[in-house]
Enquirer: 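Please find one structure pasted underneath; my questions will follow.
Owing to the predicted nature of the structure, the values given are computational and were not obtained by experimental measurement. Quick note: numbers below take in every heavy atom, side chains included, and nothing from hydrogens, waters or symmetry partners. Position 1 is the first residue of the sequence, and the numbers go up from there.
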Amino acid sequence: MKIKFTKMHGAGNDFVVIDAINQAIAFTPAQWQYLADRRFGVGADQMLVVEKPQAADVDFRYRIYNSDGGEVEQCGNGARAFVKFVTDKKLTSKHAIKVETMSGIIEPRLEANGQITVDMGPPILAPEDVPFDTTDLLSKAEGEETLWPLDIKGETYWIAALSMGNPHAVQVVADIETAPVREDGVLIEHHPRFPKRVNAGFMQIIDAHEIKLRVFERGAGETLACGTGACAAVVSGIRRGLLASPVKVQTRGGELSIAWAGNSSSVMLTGPAVTVFEGEIEL
Ligand SMILES: N[C@H](CCC[C@H](N)C(=O)O)C(=O)O
């Protein structure tokens, strides 16, 4: 079966985007892994699938698969690519859309300057909702934030655990370039206290309105940018009293901007989305 796809990226976090409204697709995890494979397949961090919504007052449903083949709840950079895709493909005439995801409704909006802003909804802060097992852990408070001691290689890392619909463990490092992102990221991703695994964020504070961020993503490894990771890092930095909204997030793949007014207000993610090429693949 020949499948049409569009290769896109948001700040270097790259995607294979598939219109499943006009194409019937039902892939196995092995087929998602093949699509994501950078040598044998197309190559991408995640696959994004455009579907008709289940609810009446929503424009689309959006499914996300990591390169390891697993379906996940949310993808911030993907939401920007999504709205550019459905607009360019004339699947909608709206520039602000409501999109159903595994973790709720998000509202991406195409701005006049080509940037895209996504209402990512409020952060989820209760450990049990991340989910993160805090049994027998003694936390410490920093501002409004709760930091937890995570044992990695016999060392204690103080992390914040929060969710943007998908789980994140965020820590502050002194120098993002020398931080052990890959070595420690994989250990954090698979730490037993995260029953659904976790995206591991490492942020360096530049000033109250700017950070550098690297994320070792669950199911994909280190990516050049992580939208939900940027949201989680900024929320944690604001709660720690280290950051103030809005915050510029420098990633290895480009710049994102995050705004958050605190408490249960939505986290707003702004950044680019680029179409690289169109293709077809036999599956
Ligand atoms: N790896 C993530 C999904 C993709 C998120 C990221 N690419 C983003 O832009 O938010 C997870 O397993 O939760």
Enquirer: Which heavy-atom pair separates Ala79 from Val118 by the least distance, and what is that distance?
Expert: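 Shortest heavy-atom separation between Ala79 and Val118 comes out as CB-CG1, 3.9 Å.
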Enquirer: I'd like to know if the side chain of Asn199 reaches the main chain of Pro167, judged simply by a donor and an acceptor atom lying under 3.5 Å from each other, with no hydrogens or angles considered.
Expert: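 Pair found, side chain donor or acceptor close to backbone of Pro167.
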Enquirer: Got a sec, which residues hit salt bridge (Lys or Arg N to Asp or Glu O under 4.0 Å) with Arg38, two or more places apart in sequence or on another chain?
Expert: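 For Arg38, the residues satisfying salt bridge (Lys or Arg N to Asp or Glu O under 4.0 Å) (neighbours in sequence not counted) are Asp14, Asp45.
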Enquirer: Quick one: does any side-chain atom of Glu282 pair with a main-chain N or O of Met1 as donor and acceptor, under 3.5 Å?
Expert: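 Side chain of Glu282 to backbone of Met1: a pair is present.
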Enquirer: Please answer whether the main-chain N or O of Gly69 pairs with a side-chain N or O of Asn66 as donor and acceptor at a distance below 3.5 Å.
Expert: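 Checking the backbone N and O of Gly69 against the side chain of Asn66, no donor-acceptor pair under 3.5 Å is found.
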Enquirer: Does Glu142 pair with Lys140 as a salt bridge, N-O distance under 4.0 Å?
Expert: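 Lys140 and Glu142: not salt-bridged.
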Enquirer: Tell me whether Tyr62 contacts the main-chain N or O of Cys75 through its side chain, where contact means a donor paired with an acceptor under 3.5 Å.
Expert: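 Confirmed, Tyr62 side chain pairs with Cys75 backbone.
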Enquirer: Is a donor on one side and an acceptor on the other found under 3.5 Å between the side chain of His209 and the backbone of Pro246?
Expert: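 Such a contact is found between His209 side chain and Pro246 backbone.
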Enquirer: If you look only at pairs with a residue in residues 119-129, which of them pass as a side chain to side chain donor-acceptor pair (under 3.5 Å), with sequence neighbours excluded?
Expert: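 Those involving residues 119-129 are Asp119-Ser266.
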Enquirer: With rounding to the nearest 0.5 angstrom, report the CG to CD1 distance, Asn77 to Ile64.
Expert: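 Spacing of CG (Asn77) from CD1 (Ile64) equals 11.0 Å.
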Enquirer: Check the pair Phe202, Gln171 against side-chain contact (heavy atoms from CB on, under 4.5 Å), reporting the backbone distance first and the verdict last.
Expert: CA-CA 5 Å; Phe202 300 76; Gln171 59 182 290; 3.4 Å; yes
Enquirer: Glu100 and salt bridge (Lys or Arg N to Asp or Glu O under 4.0 Å): which partner among Arg61, Lys52, Arg63?
Expert: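 By the salt bridge (Lys or Arg N to Asp or Glu O under 4.0 Å) criterion, Glu100 pairs with just one of Arg61, Lys52, Arg63: Arg61.
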Enquirer: Is a donor on one side and an acceptor on the other found under 3.5 Å between the side chain of Glu155 and the backbone of Ile152?
Expert: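 No: the side chain of Glu155 does not pair with the backbone of Ile152.
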Enquirer: Please check if the side chain of His168 supplies one atom and the backbone of Val170 the other of a donor-acceptor pair under 3.5 Å.
Expert: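 Judged by distance alone, no pair lies under 3.5 Å.
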Enquirer: Short question: side chain of Arg252, backbone of Gly12 - any donor-acceptor pair under 3.5 Å?
Expert: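 A pair under 3.5 Å: no.
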Enquirer: With salt bridge (charged side-chain N to carboxylate O under 4.0 Å, His left out) as the criterion, how do Lys89 and Asp19 come out once you've worked through the C-alpha distance, each side chain's angles and the decisive distance to 0.1 Å?
Expert: CA-CA 9 Å; Lys89 296 290 182 187; Asp19 170 357; over 6 Å; no
Enquirer: Can we call the ring centroids of Phe82 and Phe60 under 6.0 Å apart?
Expert: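 Ring centroids of Phe82 and Phe60 are less than 6.0 Å from each other.
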Enquirer: Applying side chain to side chain donor-acceptor pair (under 3.5 Å) between Gln250 and each of Glu255, Arg214, Gln204, Lys212, report the one that passes.
Expert: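 That would be Glu255.
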Enquirer: Any side-chain to backbone donor/acceptor pair from Ser265 onto Gly262? Under 3.5 Å, distance only.
Expert: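 A pair under 3.5 Å: yes.
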Enquirer: Determine whether a donor-acceptor pair (N or O, by modelled atom type, separation under 3.5 Å) exists between the side chain of Gln33 and the backbone of Asp68.
Expert: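 Confirmed, Gln33 side chain pairs with Asp68 backbone.
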Enquirer: Can you spot which of Arg218, Met164, Glu217 makes a side-chain contact (heavy atoms from CB on, under 4.5 Å) with Cys226?
Expert: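 The passing option is Glu217.
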